[in-house]
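Just so it is clear, the values below take in all heavy atoms, side chains as well, and ignore hydrogens, waters and symmetry mates. Convention: sequence-line order gives letters A, B, ...; per-chain numbering from 1.
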There are 2 protein chains.
Amino acid sequence: MRISYDTNMHELSVGATLYKSVKRQILAGLASGEWKPGEVIPAEKRLSQQFGVSIGTLRKAIDELVAENILIRHQGRGTFVAMQSRDHHLFHFFSVVRQDGERASPSVSLVQFSKGKADKEGCERLGISSTAKVFRLTNTLSLQGAAVQIDEITLPEALFAGLTEAQLRNRPSTLYSLYQVDFGLNVIRISERIRAALASAAQARLLNVKPHSALLETHRTAFSYNNQPIEYRVSYLNTAHHEFAPREV
Amino acid sequence: MRISYDTNMHELSVGATLYKSVKRQILAGLASGEWKPGEVIPAEKRLSQQFGVSIGTLRKAIDELVAENILIRHQGRGTFVAMQSRDHHLFHFFSVVRQDGERASPSVSLVQFSKGKADKEGCERLGISSTAKVFRLTNTLSLQGAAVQIDEITLPEALFAGLTEAQLRNRPSTLYSLYQVDFGLNVIRISERIRAALASAAQARLLNVKPHSALLETHRTAFSYNNQPIEYRVSYLNTAHHEFAPREV
DNA sequence: TTACATTTGTTCGTATGTATA
DNA sequence: TTATACATACGAACAAATGTA
């Protein structure tokens, strides 16, 4: 058998290999909302025909997406778009524990909501221009009744068009679930950097500590498919009775 | 073409699938020392013949071992047994980066070495009695010439019998390499908790900061096989120009 | 309960591309 | 240049799990 590869047929210009191209096309389908979390995507055979590649190539593309926890395969049932439930978001992305090791889910309270421009670092992390409009919100997180963390969150207006304060106050689940359900934005990865800082007067008031207490300052960028940054947040944690617990390695 | 699968030929009794069986056989070769860290293993074609499987099946077995960082493939050169080198320990367990994101390896300086008893938390983390003897050492870590972190390390004497100050000062590589080479203790997992703290006078002097500056305080327990704790350390990081970078999730 | 269609999982073998020594 | 080794791609056959008629 003679096999000839006509690369032009498959638009291989960027990622160089065919299966990477297929992977990108599947990711595009996810990003566009064509296939939503929890739903089943078309069968391998059908997708391979649709993309004009062999079943093996299609499987290799899906293999990588499964390894990245973006798709989930069930033999005999199909391949599904991974769903990030409240619990997933909570225990996957919330790393604060009590000093005795006890984990609990925080109760969130919105203290400020406005529209404006992002600061310099926010623009960089979100990959937006310094003139772009953003939503800015401030939350306090309470554990066992006491406020222990302040979250200052920046969201690009281009991605969260129409977001309202009421929407935030009335949301039934986590913020990341709201991103998913109301805006089709799935947080699949976060990148964090942690520093120590001294509490400002305003922070001290919110957290009920003395000014110039030591706080844990975390800068987080949250990404969706295709490494698109969708949220930038700076958090301030009172570590008098709680700690930050990174993933074990 | 007629394909018949004679499962008995491949000893599939345990892992159920052929490639899993091949994977186990490769792992056995590694454990037996047939192929040593840093060495190249036989070519895929040769291994597939040796195990009596197709090249695709052999590749699938190796795929998983590569994903687990047990083997490393180099196109055109061969497949190598992964080595846990200085760099592995460094970049796997050292999470401090400069605020511009630049990573560098720290230069370590021993400032104190003694034998005594562990504090309460040290005893708990190491699972030893409050009367057990331990080694206590204090290091400063410098990046770009300036001290940025203090490490206070506690080691059970039962595991590190005969450890000397000279041994620590003259070690050619990382501390964890010394554990491995001189005491046969492999650090395979660490558990950390992070707080913010105010610098004491002594800490301020070592890190060249003002007393009551904010420092990042990390409590780490290092484990060997079978979840045996072998080291407890408390670190104090000056985050004026550096940050703690957890694994991305 | 059984039979069947559908879907993913595993295995085979071959051809060709790309990187390295 | 040549040989070797891994990387990508094709397609076929069969196995196992699942849901449904």
Colleague: Just the rounded figure in Å: distance from P of D:dC10 to CD of A:Gln49.
Modeller: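 One finds 13 Å between P of D:dC10 and CD of A:Gln49, rounded.
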Colleague: Is A:Ile194 close to B:Glu243 at the side-chain level, that is, under 4.5 Å between some pair of heavy atoms?
Modeller: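 Contact flag for B:Glu243/A:Ile194 side chains = no.
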Colleague: Distance check needed: C:dT7 C1' versus A:Ile62 CD1, whole Å only.
Modeller: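 Computing the A:Ile62:CD1 to C:dT7:C1' distance gives 11 Å.
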Colleague: Rounded to whole Å, how long is the line connecting atom CG of A:Asp63 with atom P of D:dA7?
Modeller: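 Between P of D:dA7 and CG of A:Asp63: 15 Å.
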Colleague: I'd like to know whether the aromatic ring centres of B:Phe160 and B:Phe183 sit less than 6.0 Å apart in this structure.
Modeller: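 Ring-ring flag for B:Phe160/B:Phe183: true, centres closer than 6.0 Å.
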Colleague: When you compare the side chains of A:Glu192 and A:Thr218, does any donor N or O come within less than 3.5 Å of an acceptor on the partner?
Modeller: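 A:Thr218 and A:Glu192 do not have a side-chain donor-acceptor pair below 3.5 Å.
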Colleague: Whole Å only: how far is the OH atom of B:Tyr19 from the P atom of C:dG13?
Modeller: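 B:Tyr19 atom OH is separated from C:dG13 atom P by 19 Å.
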Colleague: Among the nucleotides C:dC12, D:dA5, D:dG19, which one has an atom lying closest to any side-chain atom of B:Leu18?
Modeller: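 Closest nucleotide to the B:Leu18 side chain: C:dC12.
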Colleague: Is it the case that B:Arg125 places NZ or CZ above or below the six-membered ring of B:Tyr232, under 6.0 angstrom from the centre and within 45 degrees of the axis?
Modeller: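 No, B:Arg125 does not lie over the aromatic ring of B:Tyr232.
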Colleague: Side chain of B:Gln75, base of D:dA5: donor and acceptor closer than 3.5 Å?
Modeller: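 No, the side chain and the base share no sub-3.5 Å donor-acceptor pair.
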Colleague: Taking for each residue the nucleotide of DNA chain D bearing the nearest heavy atom, is the 5' side occupied by B:Val40 or by B:Ile55?
Modeller: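 The residue whose closest nucleotide sits nearer the 5' end is B:Val40.
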Colleague: Given C:dT10, D:dC6, C:dT8, identify the nucleotide with an atom nearest to the side chain of A:Glu44.
Modeller: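 Ranking C:dT10, D:dC6, C:dT8 by closest atom to the A:Glu44 side chain puts C:dT8 first.
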Colleague: Taking CD from B:Glu64 and P from C:dG9, how many angstroms apart are they, rounded to a whole number?
Modeller: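 Distance check: B:Glu64 CD to C:dG9 P gives 13 Å.
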Colleague: Rounding to an integer number of Å, can you tell me how far A:Leu47 CG sits from C:dT6 C1'?
Modeller: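 Whole-Å distance recorded here is 15 Å.
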Colleague: Among D:dT8, D:dA9, D:dC6, which nucleotide has an atom closest to any side-chain atom of B:Arg73?
Modeller: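 My answer, after comparing the listed nucleotides, is D:dC6.
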Colleague: In whole Å, I'd like the distance from the CZ atom of B:Phe80 to the P atom of D:dA5.
Modeller: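 One finds 11 Å between P of D:dA5 and CZ of B:Phe80, rounded.
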Colleague: Counting only side-chain heavy atoms from C-beta out, which of D:dG19, C:dT20, C:dG9 sits nearest to A:Arg59?
Modeller: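 So the side chain of A:Arg59 is nearest to C:dG9.
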Colleague: Judged by atom type as modelled, is there a donor-acceptor pair below 3.5 Å linking the side chain of A:Glu217 to the main-chain atoms of A:Leu237?
Modeller: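 Not a single qualifying donor-acceptor pair exists.
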Colleague: Quick one: is C:dC12 close enough that its OP1 or OP2 comes under 4.0 Å of any side-chain N or O from B:Thr57?
Modeller: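 Looking at the OP1 and OP2 atoms of C:dC12, one of them is under 4.0 Å from a side-chain N or O of B:Thr57.
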Colleague: So which nucleotide from D:dC10, C:dC12, C:dT14 ends up closest to the side chain of A:Val53?
Modeller: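 So the side chain of A:Val53 is nearest to D:dC10.
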Colleague: Of A:Lys60 and A:His74, whose nearest nucleotide on DNA chain D comes first from the 5' end?
Modeller: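 Per heavy-atom nearest nucleotide, the more 5' residue is A:Lys60.
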Colleague: Let's see if you can work this out: which of D:dA5, D:dC10, D:dT8 has an atom nearest to the side-chain heavy atoms of B:Ala43?
Modeller: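 Nearest listed nucleotide: D:dA5.
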Colleague: How is B:Gly56 classified with respect to the nucleic acid when contacts are heavy atoms under 4.0 Å: base, sugar-phosphate, or nothing?
Modeller: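 Counting heavy atoms under 4.0 Å across all strands, no contact is made by B:Gly56.
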Colleague: Nearest whole angstrom, please: distance from the P of C:dC12 to the CG of B:Leu58.
Modeller: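 To the nearest whole Å, that distance equals 10 Å.
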Colleague: Quick check for you: among D:dT8, D:dT18, C:dT8, whose closest atom lies nearest to any side-chain atom of A:Thr79?
Modeller: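 Between D:dT8, D:dT18, C:dT8, the one nearest the side chain of A:Thr79 would be C:dT8.
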